[in-house]
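Shown next, in structure tokens, is the structure this report addresses.
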Number of protein chains: 2
Amino acid sequence: MTAPTRRERLREATVSEIKTGARKLLVTGGVEAVSLRAIARDMGMTAPAIYRYFPSLEALVTALAGDLYDELRMRLEAARDGTGDDPVAQLSAMSRAFRAWSVAHPAEFGLIFGAPAPGLDGFVDDCTDPDHPGARFGAVFVQPLIDLWHRSPFPTPPRELIERHLGGRLEPLRQSHGEVPIEVAWAFLSGWTRLWGLVAMEVFHQMDWAVTDPEALFELELTTFAAQLAPRP
Amino acid sequence: MTAPTRRERLREATVSEIKTGARKLLVTGGVEAVSLRAIARDMGMTAPAIYRYFPSLEALVTALAGDLYDELRMRLEAARDGTGDDPVAQLSAMSRAFRAWSVAHPAEFGLIFGAPAPGLDGFVDDCTDPDHPGARFGAVFVQPLIDLWHRSPFPTPPRELIERHLGGRLEPLRQSHGEVPIEVAWAFLSGWTRLWGLVAMEVFHQMDWAVTDPEALFELELTTFAAQLAPRP
DNA sequence: TGCAATAGTTAACGGCGTTCACTCAAATGA
DNA sequence: TCATTTGAGTGAACGCCGTTAACTATTGCA
């Protein structure tokens, strides 16, 4: 581990300048506005120069997506750490932070959570690797659920029903977290799906036709979902 | 209302040939593979000719999206009509049909339910119009829920909680269906969000890292959700 | 028969990703 | 110190793309 040379520092700076330019284009014009020529133009360079840093536009977008996962994950961790040690409160804070970031950054949300561009399939497929930014992100929700389960088990569908449907099909999830009770695995999947669906529908404007204040619906759903995590009677 | 002239018939045929070509490209290469030049090439035409039928590529894609909404809605209606008159059974059948179509047509799903392309914002915004294909689609789920509610009310969050959060914010939904009890409006939003989220996560490969058999998870969620629609004890 | 509308063409403009051959400055090593 | 290698960046080119403009040929109708 040696100190970075001058060249490495310059290179690093250029890489992040490219990413910054790409993100600016992403925000202002959507993913299809991200072009090597536009990035280079904004940097006072020519497009082929970027190939010294990324092998293709697609690779650049993939790298950007990874950064966005990390940024979002850190927001959630901050929200969690800024809350007491009640798992339900932590999960609520994380859910609000997730929605807040997503609503504030719709283009970025669309990039990492929307329909995968044909070329990005490789990126999302590799999510099986626990070091993948996407997997690291998802994992943030698992630990509080495990804590909550051990503290006061919440109601779930009957264990044998979960077993029957998901029995051997959760290896990926369990591998990344060691001992995950199957009820917790179910709760994670069910809860993350609901959270993601609610936020994605808002960000993608899929419920404008029915609701004028998506945040109100979000808070209502969060309230009822948190109530379902209360200990069984 | 007069019979279509010969010219109108030819024009109609060309329009649908264009759409067919566009869909083929959508399926094989994703939305970004849909190009006027490729469509025209496949038809033995030149690209500018398409401008006699659609004012822009974006307009063509928007028209295609409308067709897809209609196609999907008709699948759901067929599933509903092929089931008895038990609303819960109808809703289950419709949910399965929704997942089946979506999984079988990921590119089409991505077009109508994914991140709206910057230019398509107008399309999704106009969903407020009840004649919009998207609104007509969503409406299919509402009637069975109303029937069910009148037959045997299902458990919901306390009415005053719904009122407080969603009180005046459901005009669009209520306008399109006249008398919709607020509990039904909540159930629709909550249920549709869960269904959409679950299917979208599968189609967008957002849960490959955790689950190997998405259909199993879907059936489990469907089972538990249907159970929640049982009459209150 | 003649006129107007329609469907199609070619050519062109500017933008895009990407490749190739090239230049020039910076780091390296004898 | 000086030659050499490495790396960053340029400009031209290829083949895509959407879109516009000017133009031609055909169809339908009065």
Side-chain angles (χ1 to χ4, degrees), chain A residues 2-22 24-26 28-65 111 117-123, chain B residues 2-22 24-26 28-65 111 117-123:
Chain A
T2 108
T5 74
R6 168 183 161 77
R7 262 209 177 140
E8 284 166 345
R9 273 187 288 113
L10 284 179
R11 187 181 175 81
E12 190 57 41
T14 307
V15 164
S16 78
E17 189 182 351
I18 292 172
K19 283 182 180 172
T20 303
K24 191 168 300 181
L25 290 168
L26 172 70
T28 58
V31 67
E32 71 191 23
V34 180
S35 81
L36 294 183
R37 293 187 126 110
I39 296 170
R41 217 163 22 232
D42 291 351
M43 293 175 65
M45 285 197 340
T46 57
I50 299 186
Y51 284 82
R52 296 278 169 193
Y53 302 91
F54 296 94
S56 68
L57 170 65
E58 180 198 315
L60 166 57
V61 173
T62 300
L64 185 56
L111 177 60
L120 259 68
D121 273 341
F123 178 72
Chain B
T2 103
T5 72
R6 169 184 160 76
R7 258 208 180 142
E8 284 166 344
R9 272 186 288 113
L10 284 180
R11 186 179 176 82
E12 191 56 40
T14 307
V15 164
S16 78
E17 189 182 350
I18 293 172
K19 282 182 182 173
T20 302
K24 192 169 301 180
L25 291 167
L26 172 69
T28 58
V31 67
E32 71 191 23
V34 181
S35 80
L36 294 182
R37 293 187 126 111
I39 297 170
R41 214 161 27 231
D42 291 351
M43 294 175 66
M45 286 198 340
T46 57
I50 300 187
Y51 284 83
R52 297 278 170 193
Y53 302 91
F54 295 94
S56 68
L57 171 64
E58 180 198 315
L60 165 58
V61 173
T62 300
L64 185 56
L111 178 60
L120 260 71
D121 272 342
F123 179 72

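Lettering of chains follows the sequences in order, A, B, ..., and the numbering in each one begins at 1.
- Heavy-atom minimum distance, Leu25(B) versus Ala38(B): CD1-CB, 3.7 Å.
- Dashed line: the shortest gap from a side-chain N or O of Thr46(B) to OP1 or OP2 of dT9(C) is under 4.0 Å.
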Which pairs, protein N/O on one side and nucleotides 11-16 of chain C N/O on the other, fall under 3.5 Å?
unit_1, atom_1, unit_2, atom_2, d
dC16(C), OP1, Ser35(A), OG, 3.2
dC16(C), OP1, Arg41(A), NH2, 3.4
dC16(C), OP2, Arg41(A), NH1, 3.1

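- The line from OG1 of Thr20(B) to CE of Met43(B) is 9.0 Å long, rounded to the nearest 0.5 Å.
- Computed from coordinates, the Arg52(A) CZ to dT23(C) P distance equals 14 Å when rounded to whole Å.
- Within 4.0 Å (heavy atoms only), Tyr53(A) reaches sugar-phosphate atoms of the nucleic acid but no base atom.
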Distances for protein N/O vs nucleotides 24-29 of chain C N/O pairs under 3.5 angstrom?
unit_1, atom_1, unit_2, atom_2, d
dA27(C), OP1, Arg6(A), NE, 3.1

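- Residues Leu57(B) and Ser35(B) share a closest heavy-atom pair of CD1-CA, 4.5 Å.
- Residue Arg37(B) holds its CZ atom at 10.5 Å from CD1 of Ile50(B), rounded to the nearest 0.5 Å.
- The shortest distance between side-chain heavy atoms of Leu64(A) and Val34(A) does not fall below 4.5 Å.
- The two residues Ala22(B) and Leu60(B) make their nearest non-hydrogen contact at CB-CD2, 4.3 Å.
- Between Gly21(A) and Ile39(A), the closest heavy-atom pair is C-CG1, 4.3 Å.
- Rounded to an integer number of Å, the gap from Glu8(B) CD to dA5(C) P is 16 Å.
- Counting all heavy atoms, side chain and backbone alike, Met45(A) lies closest to Ala49(A) at CE-CB, 3.6 Å.
- In this structure, the side chains of Phe54(B) and Thr62(B) stay at 4.5 Å or more apart for every pair of heavy atoms.
- A straight line from CE of Met45(B) to P of dA7(C) spans 11 Å, rounded to a whole angstrom.
- The two residues Arg52(B) and Arg11(B) come nearest to each other via the heavy atoms O-NH2, 2.7 Å.
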Practice problem: Start with the C-alpha gap between Val61(A) and Leu26(A), add the side-chain angles, then the distance that decides, and say whether side chain to side chain contact (heavy atoms under 4.5 Å, CB included) holds. | Solution: CA-CA 10 Å; Val61(A) 173; Leu26(A) 172 70; over 6 Å; no

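- First and last contacts of DNA chain D with chain A, using any nucleotide atom under 4.0 Å from a protein heavy atom and ordered 5' to 3', fall at dT6(D) to dA13(D).
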